[in-house]
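Residues: numbered from 1 along the sequence shown.
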Amino acid sequence: MTKHRSVQGFTLMELMVVVAVVGILAALAYPSYSESVRKGRRAQARAALAELLQQQERFLTQRNCYLGFSNDSGTATATTNTACGIASTFAVPFKTYAGDSPNTASYQLSATACNSTLTLAECVKAVATPVKADPAVGSLSMTSTGVQACTGTASSTNFRLCWP
């Protein structure tokens with residue numbers, strides 16, 4: 001009689017097939033996951049822009065002008081506007097980022113006059129600039145008159161990526 005030894009474990013070939021299958025699945029899933037994260041960040045930026053414009057409207061009723069400000073690396077600086085009594089040291093009373101905290105913000109917010117012919121007493125343009133590059137959409141913007149825009153490749157090819 002011959003004794004049969006029971007086989008335990010996996011062969012190297014079986015392990016390599018499993019690793020290859022997992023690698024292929026990961027290669028297919030990662031781009032979808034990345035795009036889903038970008039879409040979530042864009043939605044967060046659109047909500048932050050809408051909130052900022054509501055705050056700007058409240059500011060307009062109190063000061064009779066909008067507040068312009070820039071936001072470089074999370075530090076918001078008010079635009080001097082002597083007609084409204086705003087100096088460069090004026091503290092920006094708005095949330096100037098999209099996200100849970102300034103350190104983890106996905107977008108930085110800023111506000112300027114809509115164009116060179118309109119003043120901050122007439123129109124404000126809120127801009128959300130991504131912290132991490134988003135080549136398809138780039139920066140999102142919305143004015144107090146309701147005009148929505150974006151930069152990046154989607155601005156001319158697929159505007160629904162910017163503003164669905």
Side-chain angles (χ1 to χ4, degrees), residues 25-164:
L25 290 175
L28 294 173
Y30 185 72
S32 296
Y33 170 75
S34 296
E35 184 58 26
S36 178
V37 168
R38 273 191 224 102
K39 283 172 62 176
R41 288 182 180 149
R42 290 177 201 143
Q44 193 175 43
R46 288 189 297 269
L49 284 175
E51 182 181 347
L52 175 60
L53 285 175
Q54 287 176 339
Q55 293 170 336
Q56 287 279 14
E57 291 298 329
R58 284 188 211 111
F59 192 85
L60 176 68
T61 61
Q62 296 167 353
R63 296 273 184 144
N64 205 26
C65 67
Y66 295 106
L67 176 64
F69 63 93
S70 62
N71 193 351
D72 299 322
S73 304
T75 305
T77 308
T79 303
T80 303
N81 187 346
T82 53
C84 292
I86 298 169
S88 60
T89 57
F90 190 85
V92 177
F94 311 136
K95 183 177 174 185
T96 60
Y97 57 90
D100 296 329
S101 72
N103 299 334
T104 61
S106 54
Y107 282 79
Q108 297 294 334
L109 305 179
S110 60
T112 61
C114 289
N115 57 43
S116 59
T117 60
L118 297 173
T119 66
L120 279 169
E122 299 167 312
C123 183
V124 68
K125 176 181 178 182
V127 179
T129 306
V131 173
K132 294 181 181 176
D134 186 351
V137 172
S139 297
L140 295 164
S141 65
M142 183 188 296
T143 67
S144 57
T145 59
V147 177
Q148 300 169 336
C150 69
T151 61
T153 58
S155 63
S156 59
T157 58
N158 189 4
F159 191 70
R160 291 189 53 82
L161 280 176
C162 302
W163 295 94

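- For the atom pair CG (Leu109) and NZ (Lys95), the distance works out to 8.0 Å, reported to the nearest 0.5 Å.
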Derivation and outcome, side-chain contact (heavy atoms from CB on, under 4.5 Å), residues Val92 and Leu67: CA-CA 8 Å; Val92 177; Leu67 176 64; 4.3 Å; yes

Steps toward side-chain contact (heavy atoms from CB on, under 4.5 Å) verdict (Phe69, Phe90): CA-CA 10 Å; Phe69 63 93; Phe90 190 85; over 6 Å; no

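- The line from CH2 of Trp163 to SG of Cys150 is 9.0 Å long, rounded to the nearest 0.5 Å.
- Applying the side-chain hydrogen bond (donor to acceptor under 3.5 Å, both in side chains) criterion to Ser110, with sequence neighbours excluded, gives no partner residue.
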Which atom pairs, donor and acceptor, lie under 3.5 Å between side-chain atoms of residues 57-65 and protein residues at least two apart or in another chain?
{"unit_1": "Glu57", "atom_1": "OE2", "unit_2": "Tyr66", "atom_2": "OH", "d": "2.8"}
{"unit_1": "Thr61", "atom_1": "OG1", "unit_2": "Arg58", "atom_2": "O", "d": "2.6"}
{"unit_1": "Arg63", "atom_1": "NH1", "unit_2": "Cys84", "atom_2": "O", "d": "3.4"}

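- Asn115 CG: more than 12 foreign heavy atoms inside a 6.0 Å radius.
- Smallest separation of non-hydrogen atoms from Ala76 and Asn71: N-OD1, 3.9 Å.
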For residues 123-135, which side-chain donor-acceptor pairs fall under 3.5 Å, sequence neighbours excluded?
{"unit_1": "Asp134", "atom_1": "OD1", "unit_2": "Arg42", "atom_2": "NH2", "d": "3.1"}
{"unit_1": "Asp134", "atom_1": "OD2", "unit_2": "Arg42", "atom_2": "NE", "d": "2.8"}
{"unit_1": "Asp134", "atom_1": "OD2", "unit_2": "Arg42", "atom_2": "NH2", "d": "3.3"}

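- Considering only heavy atoms from C-beta on, Pro102 stays 4.5 Å or farther from Thr96 through its side chain.
- Between the SG atom in Cys162 and the CZ atom in Phe159 there is a gap of 5.5 Å [rounded to 0.5 Å].
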Residues Met142, Leu53; criterion side-chain contact (heavy atoms from CB on, under 4.5 Å); working and verdict: CA-CA 8 Å; Met142 183 188 296; Leu53 285 175; 3.2 Å; yes

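- Thr119 OG1 to Asn81 CG: the interatomic distance, rounded to the nearest 0.5 Å, is 7.5 Å.
- Side chains of Gln44 and Ser106: a donor-acceptor N/O pair is present below 3.5 angstrom, by distance only.
- Formation of a donor-acceptor pair under 3.5 Å by the Ser34 side chain with backbone atoms of Tyr30 is found in this model.
- For the pair Thr104/Tyr97, no side-chain contact is recorded, criterion being any heavy-atom separation below 4.5 Å from C-beta on.
- Contact of the Leu49 side chain with the Leu140 side chain is registered, since non-hydrogen atoms from C-beta on lie closer than 4.5 Å.
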